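Note sheet for the following structure.
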Amino acid sequence: MQSEKMIEMVMHQTESKLTAGQIAGQVEAACNKYSLALLQTYIYHEIVESKGFPIQRKVFVYNICQAKTASMMLTTNPEFSTFMPCTLAVYEAGDKTVLSTMNMGIMLEAVKSNEELYNQASNLFKTFTQMMDELAAGK
């Protein structure tokens, strides 16, 4: 499988004409709007530069959680903890900015037999991608 197709399959990505810095400045407010907990923010380009490996692009990574869904998932499927919390990456790619997260839709097929969990997690993914689209649009 070609790498582009693989990335397209496992990632959900949204592009923006806004700078990574402009979007980064709105992530906390967007999480609050959607009742998501912003657990951690990594300014990755600064982290790797401090380790002696500067990069030319801005890269921000956010760990975001919805406690109810996390509790339900960890109660029945603790193996999913490696995918938690939800990660949002915001990075420069040429003349655009990319907002990226894991495509939870693929993974959620594994819990489809638990209707309540599947619906809760599917709604979280829908909310998360809606938030990404709004951030990309500058709303």
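Small disclaimer: the values here were computed from a predicted structure and weren't measured.
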* Structure fact -> Shortest non-hydrogen pair, Cys65 vs Ala67, comes out as SG-N, 3.8 Å
* To do: To the nearest 0.5 Å, tell me how far Thr41 OG1 sits from Asn63 CG.
  => 8.5 Å
* Leu18 side chain reached by Thr97 side chain, heavy atoms, under 4.5 Å -> no
* Asked: Can you list the residues that meet the salt bridge (Lys or Arg N to Asp or Glu O under 4.0 Å) rule with Lys96, with sequence neighbours excluded?
  -> Glu15
* Please lay out, stage by stage, how Tyr62 and Leu38 fare under the test side-chain contact (heavy atoms from CB on, under 4.5 Å). => CA-CA 7 Å; Tyr62 304 91; Leu38 177 57; 3.8 Å; yes
* To do: Please check if atom OH in Tyr44 has more than 12 non-hydrogen atoms from other residues, nucleotides or ligands closer than 6.0 Å.
  => no
* Report yes or no: do Leu39 and Leu124 belong to one cluster of Ile/Leu/Val/Met/Phe/Trp/Tyr joined by side chain heavy-atom distances under 4.5 Å? => no
* ILVMFWY network linking Met84 to Met72, side-chain heavy atoms under 4.5 angstrom -> yes
* Asked: Between Leu74 and Ser81, which heavy-atom pair has the shortest distance, and what is it?
  -> CD2-CB, 3.7 Å
Can you list, pair by pair, the side-chain donor-acceptor contacts under 3.5 Å of residues 98-111, counting residues two or more places apart and other chains?
{"from": "Ser100", "atom 1": "OG", "to": "Gln13", "atom 2": "NE2", "distance (Å)": "3.4"}
{"from": "Thr101", "atom 1": "OG1", "to": "Thr87", "atom 2": "O", "distance (Å)": "2.6"}
{"from": "Asn103", "atom 1": "OD1", "to": "Gly105", "atom 2": "N", "distance (Å)": "3.0"}
{"from": "Asn103", "atom 1": "ND2", "to": "Met9", "atom 2": "O", "distance (Å)": "3.2"}

Per-pair distances, 0.1 Å, donor-acceptor, side chain in residues 49-61, under 3.5 Å, sequence neighbours excluded:
{"from": "Ser50", "atom 1": "OG", "to": "Ile47", "atom 2": "O", "distance (Å)": "2.7"}
{"from": "Arg57", "atom 1": "NH1", "to": "Glu92", "atom 2": "O", "distance (Å)": "2.6"}

* Following the transitive rule for hydrophobic clusters with a side-chain heavy-atom cut-off under 4.5 Å over Ile, Leu, Val, Met, Phe, Trp and Tyr, establish whether Tyr118 and Phe125 coincide in one cluster. => yes
* To do: Determine, step by step, whether Leu88 and Leu135 satisfy the side-chain contact (heavy atoms from CB on, under 4.5 Å) criterion, reporting the C-alpha distance in whole Å, the side-chain angles of both residues, the deciding distance to 0.1 Å, and the verdict.
  => CA-CA 11 Å; Leu88 171 64; Leu135 282 164; 4.2 Å; yes
* **Glu134: partners by salt bridge (Lys or Arg N to Asp or Glu O under 4.0 Å), with sequence neighbours left out** => Lys33
* Asked: Is there a donor-acceptor contact under 3.5 Å linking the side chains of Thr127 and Gln130?
  -> no
Going by atom type alone, with no hydrogens or angles, which donor-acceptor pairs under 3.5 Å involve a side-chain atom of residues 22-31 and a protein atom two or more places apart or on another chain?
{"from": "Gln22", "atom 1": "OE1", "to": "Thr19", "atom 2": "N", "distance (Å)": "2.7"}
{"from": "Gln22", "atom 1": "OE1", "to": "Thr19", "atom 2": "OG1", "distance (Å)": "3.3"}

* Structure fact -> With sequence neighbours left out, the residues meeting salt bridge (Lys or Arg N to Asp or Glu O under 4.0 Å) with Glu79 are none
* When rounded to the nearest 0.5 angstrom, what distance separates NE2 in His12 from CE in Met132? -> 4.5 Å
* Would you please test Asn77 and Leu117 for side-chain contact (heavy atoms from CB on, under 4.5 Å) and show each step? => CA-CA 10 Å; Asn77 299 84; Leu117 174 59; 3.5 Å; yes
* Asked: Heavy-atom distance under 4.5 Å between the side chains of Phe128 and Ile64, does that happen here?
  -> yes
* To do: Determine the minimum heavy-atom distance between Ala136 and Thr14, stating which atoms define it.
  => CB-CG2, 3.5 Å
* Would a distance-only check, ignoring hydrogens and angles, find a side-chain to backbone donor-acceptor pair under 3.5 Å from Ser71 to Lys68? -> no
